[in-house]
Q: 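First the structure, which I've put down as structure tokens, then a few questions once you've had a look.
For this chain, numbers begin at 1 and follow the sequence in order.
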Amino acid sequence: TPQLIVDNYNYGGSYVQAGDNVQLALTLYNTSSQDLQNIKITLTAEDGTFVPYNSSNSFYIEGIGKKTRSTKNLKLSVKPNAEQKTSAINVKMSYEDKSGNAFEAVDVISIPVMQETRLVVDDIIAPPDLYAGQPMSVSVQFYNMGKTILNNLRVSAEGNFTSTESP
């Protein structure tokens, strides 16, 4: 049985940013000892994180010779409100051997999606009376304005602070 596989893929870095467009280079490898022809490739992301940009989610390759590779570039748009996680894209391949026998294969590629982290710090509220060498407590509000969950947040404050003004 002739096999067509995703041999390599590249999206330009270690992750993609939600809301951006990304160039995906997809390399297919014909592992068999015969030429393959009439190749149709369809990409689908079940969660809708990636959608084609200025193209269809399918493309056509006339043929790939035995033991050779073919690379195609596709533009994908990353959903702006995509969850920060590694998202899967199914690569469905249908192709024929030189006798016209039809074959299908499915590979899965994964692309990590990052969301912009936006932490907003409100004004610091210090007590009105401070004494040198004495501990004090301050009150401050933090707002997560991004679309990702913040875990294990640690805050340190340094500087020349006054008790009569906020920041």
Q: Under 3.5 Å, side chain of Asn30 to main-chain N/O of Ile64, donor-acceptor pair present?
A: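 Yes; at least one donor-acceptor contact below 3.5 Å.
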
Q: Rounded to the nearest 0.5 Å, what's the gap from CD1 on Ile111 to OG1 on Thr86? Could you check?
A: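 Separation between the atoms: 10.0 Å.
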
Q: In terms of side-chain geometry, is the basic nitrogen of Asp7 or Arg69 positioned less than 4.0 Å from the acidic oxygen of its partner?
A: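 Answer for the salt bridge query: yes.
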
Q: Which value, rounded to the nearest 0.5 Å, describes the distance between Ser110 atom OG and Tyr9 atom OH?
A: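 Here the rounded value is 5.0 Å.
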
Q: Compare every heavy atom of Ser58 with every heavy atom of Lys40, then report the nearest pair and how far apart it is.
A: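 That closest heavy-atom pairing would be CE-OG, 3.8 Å.
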
Q: On a heavy-atom basis, which atom in Pro2 and which in Asp97 lie closest, and how many Å separate them?
A: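 Result for this residue pair: CG-CB, 4.3 Å.
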
Q: Please examine the side chains of Phe50 and Ser87, heavy atoms only from C-beta on, and report whether any two atoms are closer than 4.5 Å.
A: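 Result yes, sub-4.5 Å side-chain heavy-atom pair found.
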
Q: Answer yes or no: is there a side-chain heavy-atom contact under 4.5 Å between Met93 and Ile41?
A: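 A side-chain contact exists here, since the closest heavy-atom pair is under 4.5 Å.
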
Q: Assess the residue pair Val121 and Val155 against the criterion (side-chain contact (heavy atoms from CB on, under 4.5 Å)); give the C-alpha distance rounded to whole Å, side-chain angles, the decisive distance to 0.1 Å, and a yes or no.
A: CA-CA 10 Å; Val121 180; Val155 178; over 6 Å; no

Q: Are side-chain heavy atoms of Ile89 and Val108 found at a separation under 4.5 Å?
A: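 Ile89 does not reach Val108 side chain to side chain.
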
Q: Under 3.5 Å, is there a donor on one side chain and an acceptor on the other for Glu46 and Asn90?
A: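 Asn90 and Glu46 do have a side-chain donor-acceptor pair below 3.5 Å.
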
Q: Are side-chain heavy atoms of Val91 and Val106 found at a separation under 4.5 Å?
A: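 In short, these two side chains do not touch, never coming nearer than 4.5 Å.
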
Q: Which residues pass the side chain to side chain donor-acceptor pair (under 3.5 Å) test with Lys85, sequence neighbours left out?
A: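 Result, side chain to side chain donor-acceptor pair (under 3.5 Å) vs Lys85: Asp47.
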
Q: Going by the side chain to side chain contact (heavy atoms under 4.5 Å, CB included) test, name the single residue among Asp107, Ile61, Ile39 that passes it with Leu4.
A: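 Among the candidates, only Ile39 passes.
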
Q: Would you find a donor on one side and an acceptor on the other, under 3.5 Å apart, between the side chain of Thr31 and the backbone of Gln3?
A: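 Yes, the answer is positive, given that a donor and an acceptor are paired below the 3.5 Å cut-off.
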
Q: Could you tell me whether the side chain of Tyr95 reaches within less than 4.5 Å of the side chain of Asn38, counting heavy atoms only?
A: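 Heavy-atom side-chain distance check fails, nothing below 4.5 Å.
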
Q: Ignoring hydrogens and angles, tell me if any N or O in the side chain of Ser55 forms a donor-acceptor pair with the backbone of Pro52 under 3.5 Å.
A: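 Not at all, since once roles are kept as given, no pair shorter than 3.5 Å links the two residues.
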
Q: Locate the shortest heavy-atom distance separating Tyr143 from Gln141; write the atom from each residue and the value.
A: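 Where Tyr143 meets Gln141 most closely, the heavy atoms are OH-CB, 3.7 Å.
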
Q: Please indicate whether Phe142 has more than 12 foreign heavy atoms, meaning atoms of other residues, nucleotides or ligands, lying under 6.0 Å from its CZ.
A: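 Above 12, so yes.
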
Q: Grab the two heavy atoms, one from Thr49 and one from Ala45, that are nearest each other, plus how far apart they are.
A: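 The answer is N-CB, 4.3 Å.
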
Q: What distance do Asn57 atom CG and Thr42 atom OG1 have between them, rounded to the nearest 0.5 Å?
A: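 One gets 6.0 Å once the value is rounded to the nearest 0.5 Å.
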
Q: Roughly how far, to the nearest 0.5 Å, is NZ of Lys67 from CD of Gln34?
A: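 Going from CD on Gln34 over to NZ on Lys67, the span is 11.0 Å.
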
Q: Quick one: are Ile149 and Asn151 in side-chain contact, heavy atoms under 4.5 Å?
A: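 Touching, per the 4.5 Å side-chain cut-off.
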
Q: Hey, does Val113 have a side-chain heavy atom less than 4.5 Å from the side chain of Gln115?
A: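 The answer is no, as the side chains (C-beta and beyond) never meet within the 4.5 Å cut-off.
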
Q: Determine whether Val140 and Leu153 fall in the same hydrophobic cluster, where Ile, Leu, Val, Met, Phe, Trp and Tyr are linked whenever their side-chain heavy atoms lie under 4.5 Å apart.
A: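 Linked, Val140 and Leu153 end up in one cluster.
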
Q: For residues 13-29, run the donor-acceptor check on the side chains, cut-off 3.5 Å, and write out each pair with its distance to 0.1 Å, sequence neighbours left out.
A:
from	atom 1	to	atom 2	distance (Å)
Gln17	NE2	Met114	O	3.4
Asn21	OD1	Ser77	OG	3.3
Thr27	OG1	Thr71	OG1	2.8

Q: Looking at every non-hydrogen atom in both residues, tell me the closest pair between Tyr11 and Pro112 and how far apart they are.
A: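 The pair with the smallest heavy-atom distance is OH-CD, 3.2 Å.
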
Q: Could you tell me which non-hydrogen atom of Lys66 sits nearest to which non-hydrogen atom of Ser33, and how far apart they are?
A: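 Smallest interatomic distance, heavy atoms only, reads CD-O, 3.3 Å.
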
Q: Please examine the side chains of Glu104 and Lys92, heavy atoms only from C-beta on, and report whether any two atoms are closer than 4.5 Å.
A: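 The answer is yes; the side chains approach within 4.5 Å.
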
Q: Quick one: pull up OG in Ser32 and CD1 in Ile5 and give me the separation to the nearest 0.5 Å.
A: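 It is 11.0 Å, given to the nearest 0.5 Å.
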
